[in-house]
Amino acid sequence: MKRTWIGIALLVSFLLGACSADPTASMPEQTTTGMTKATTVDAVSSATLSRYRENEIQDYEGVRLDPAIGPSDNSISGVQRVDIRTYRLAVDGLVSKPLELTYDDVLKRTPVERLITLYCVTGWQATMLWRGVQLSEILDLATVNPEANTVIFHCVDGYTTSLPLAAIIDNKLIMAYQANGLPIPAEMGYPFIIVAEDKLGYKWARWVTRIELSADTNYEGYWESRGFDNEADID
Ligand SMILES: Nc1nc2c(c(=O)[nH]1)N[C@H]1C(S)=C(S)[C@@H](COP(=O)(O)O)O[C@H]1N2
Ligand SMILES: [Mo]
């Protein structure tokens, strides 16, 4: 019971702070002259428009895409800047061939592209066109031991979160290196973000540096150990 109240208190403070909607967003009066993309001004606020990066895809098959850089950053230690020359992605734990991959090793794998929405606990959401690798392909390279059932993601900022191995395989989850046609920006987790489709935002590990195979189904990551639901299903 005590735990429930702690959970509720944390949730309320989190809702207030962690995923605030764009406070400056408002509908513009005039049309956006000079815009070459199909995005219409009545479908997107001027504050949102100003966040698109140059050459960022703004529409995909009739769906408006949201900018890859959100209105605010709520990361536990701010935006991380990764030096790609020294960066390595470790795949270890319950595997028979522990790995250390470079950025290019990952980009060499078969690309997968999918339109997926990130849902924040406040109801805030962002739909982006993601491109990356299927996580199971990366896991296969390390040969996962049969007893593994949980995948723990470790990030450059010390953040961690986990997903069931079955969810990764069954839902063909991807680890993305591009959003809306461009490399994901530092703000979104460069070089890699786990696109935890159908799971709440706190499962979307950014600046991933280590993928650990585990048999601890009760593992709790940063927000999970602070009262957030470990299932994190959107519904
Ligand atoms: N490494 C790392 N990944 C992270 C976080 C973080 O603080 N550090 N925050 C999570 C949360 S709570 C959300 S909602 C998403 C998006 O965070 P944003 O709203 O700050 O863009 O990233 C997730 N991944
Ligand atoms: Mo979040």
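We're numbering straight along the sequence, starting at 1. All ligand and atom numbering here is 1-based and tracks the order in the structure.
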Engineer: Please work out whether the ring planes of F192 and Y177 are parallel, tilted or perpendicular, with thresholds of 30° and 60°.
Structural biologist: perpendicular

Engineer: Counting from 1, what ligand 1 atoms have a heavy atom of C155 closer than 4.0 Å?
Structural biologist: 1 (N)

Engineer: Should you measure from each heavy atom of W223, which atoms of ligand 1 turn up under 4.0 Å away?
Structural biologist: 12 (S)

Engineer: Hey, which atoms in ligand 1 end up nearer than 4.0 Å to a heavy atom of W207?
Structural biologist: 1 (N), 2 (C), 8 (N)

Engineer: What part of W204, side chain, backbone, both or neither, has a heavy atom within less than 4.0 angstrom of ligand 1?
Structural biologist: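 Backbone only; the side chain of W204 stays clear of ligand 1.
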
Engineer: Does the ring center of Y222 lie less than 6.0 Å from the ring center of Y159?
Structural biologist: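 Aromatic pair counts; centres sit under 6.0 Å.
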
Engineer: Any N or O of D157 that comes nearer than 3.5 Å to an N or O of ligand 1?
Structural biologist: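 By distance alone, the answer is yes.
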
Engineer: Kindly confirm or rule out an N or O of R206 lying under 3.5 angstrom from an N or O of ligand 1.
Structural biologist: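 Yes - when backbone and side-chain N and O of R206 are compared with those of ligand 1, one distance drops under 3.5 Å.
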
Engineer: If we set the cut-off at 4.0 Å for heavy atoms, which region of Y222 has an atom near ligand 1: side chain, backbone, both, or neither?
Structural biologist: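 Near ligand 1, Y222 shows nothing, with every heavy atom at 4.0 Å or more.
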
Engineer: Please determine whether the number of non-hydrogen atoms from other residues, nucleotides or ligands lying under 6.0 Å from atom CZ of R81 exceeds 12.
Structural biologist: yes

Engineer: Below 6.0 angstrom between ring centroids: does that apply to Y190 and Y87?
Structural biologist: no

Engineer: For the pair E187 and R206, evaluate salt bridge (Lys or Arg N to Asp or Glu O under 4.0 Å) and give the outcome as yes or no after the intermediate values.
Structural biologist: CA-CA 9 Å; E187 290 82 350; R206 292 179 284 162; over 6 Å; no

Engineer: Answer yes if the side chains of S75 and D73 hold a donor-acceptor pair under 3.5 Å, and no otherwise.
Structural biologist: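 Checked: S75/D73 side chains pair up, N/O donor to acceptor below 3.5 Å.
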
Engineer: Heavy atom under 4.0 Å from ligand 1: found in N74's side chain, backbone, both, or neither?
Structural biologist: both

